[in-house]
Amino acid sequence: MSIAAVCTSANDAPAADALYQVQDGNKVDEKTLKGWKTWRALACERCHGAEQEGMVGPSLVESMKKLSKEDFHTTIMNGRPEKGMPPFNTSAMVNENWEGLYAYLKGRSDGKIQPGRLQPMQ
């Protein structure tokens, strides 16, 4: 069983401070799993697509290649009303899990996390 993650060590083990950890493309660490659950609960796929490929909203697989963590936080909290994205600053779930959501979307953008249902790492 191999582990693919944002790694810094030569032996390819997950770094303690890795943004996310993933096994087999669909088993992720607890924080990233909570981020994915936030994505699902807020029905973000209605605008960004089931595989984050973009629909009415932009492709997050592409956007997350350039979007900094700070800019992501600003965007999700304040929204982009002029483009149809609502602010989520009043959502307790988003306030608690925005970093996990960022990790999930970065993992998707990096091609490490596969689309579809995620499971906890064992």
**OP:** Start with the C-alpha gap between M121 and V22, add the side-chain angles, then the distance that decides, and say whether side chain to side chain contact (heavy atoms under 4.5 Å, CB included) holds.
**Re:** CA-CA 7 Å; M121 289 177 73; V22 59; 6.0 Å; no
**OP:** Kindly indicate, with the supporting measurements, whether the criterion side chain to side chain contact (heavy atoms under 4.5 Å, CB included) is fulfilled by Y104 and T38.
**Re:** CA-CA 10 Å; Y104 165 65; T38 300; over 6 Å; no
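Under the rule for a side chain to side chain contact (heavy atoms under 4.5 Å, CB included), the partners of E62 that lie at least two apart in sequence or sit in another chain are S59, K65. Among residues two or more places apart in sequence or in another chain, the ring pair (Phe, Tyr, Trp, His ring centres under 6.0 Å) test is passed with F88 by none. With sequence neighbours excluded, no residue satisfies side chain to side chain contact (heavy atoms under 4.5 Å, CB included) with Q114. The side-chain hydrogen bond (donor to acceptor under 3.5 Å, both in side chains) test applied to K34 returns E30, not counting sequence neighbours. In terms of the side chain to side chain contact (heavy atoms under 4.5 Å, CB included) criterion, residue partners of P87 (sequence neighbours excluded) are, by chain and number, N89. Every side chain to side chain contact (heavy atoms under 4.5 Å, CB included) that S68 has, sequence neighbours left out, goes to E70, D71.
For residues 74-86, every residue pair satisfying the side-chain hydrogen bond (donor to acceptor under 3.5 Å, both in side chains) rule, not counting sequence neighbours, is listed here: T75-R80. Counting only residues at least two apart or in different chains, ring pair (Phe, Tyr, Trp, His ring centres under 6.0 Å) contacts with residues 66-87 comprise F72-Y102, H73-W98. Residue pairs satisfying the salt bridge (Lys or Arg N to Asp or Glu O under 4.0 Å) criterion with at least one member in residues 113-122, sequence neighbours excluded, are absent. The salt bridge (Lys or Arg N to Asp or Glu O under 4.0 Å) contacts involving residues 36-58 comprise nothing, where partners must be two or more places apart or lie in separate chains. Residue pairs meeting the ring pair (Phe, Tyr, Trp, His ring centres under 6.0 Å) criterion with at least one partner in residues 41-63, sequence neighbours excluded, do not occur; the list is empty. Screening residues 90-104 for salt bridge (Lys or Arg N to Asp or Glu O under 4.0 Å), with sequence neighbours left out, gives K69-E99.
A donor-acceptor pair under 3.5 Å is formed between the side chain of D29 and the backbone N or O of T32.
R108 and I113 make their closest contact through NH1-O, 2.9 Å (heavy atoms, listed as atom of the first residue, atom of the second, distance). When all heavy atoms of G49 and M55 are compared, the pair lying nearest together is CA-SD, 3.5 Å. Nearest heavy-atom pair across S109 and V61 is OG-O, 2.7 Å. Here the closest heavy-atom approach between residue L105 and residue Q52 is recorded as CD2-CG, 3.7 Å.
Side chains of L118 and W39 form no contact here, defined as non-hydrogen atoms less than 4.5 Å apart. For the pair D110/M64, no side-chain contact is recorded, criterion being any heavy-atom separation below 4.5 Å from C-beta on. Side-chain contact between L33 and Q119 is absent, with no heavy atoms from C-beta onward closer than 4.5 Å.
For the atom pair C44 SG and L101 CG, the distance stands at 6.0 Å (nearest 0.5 Å).
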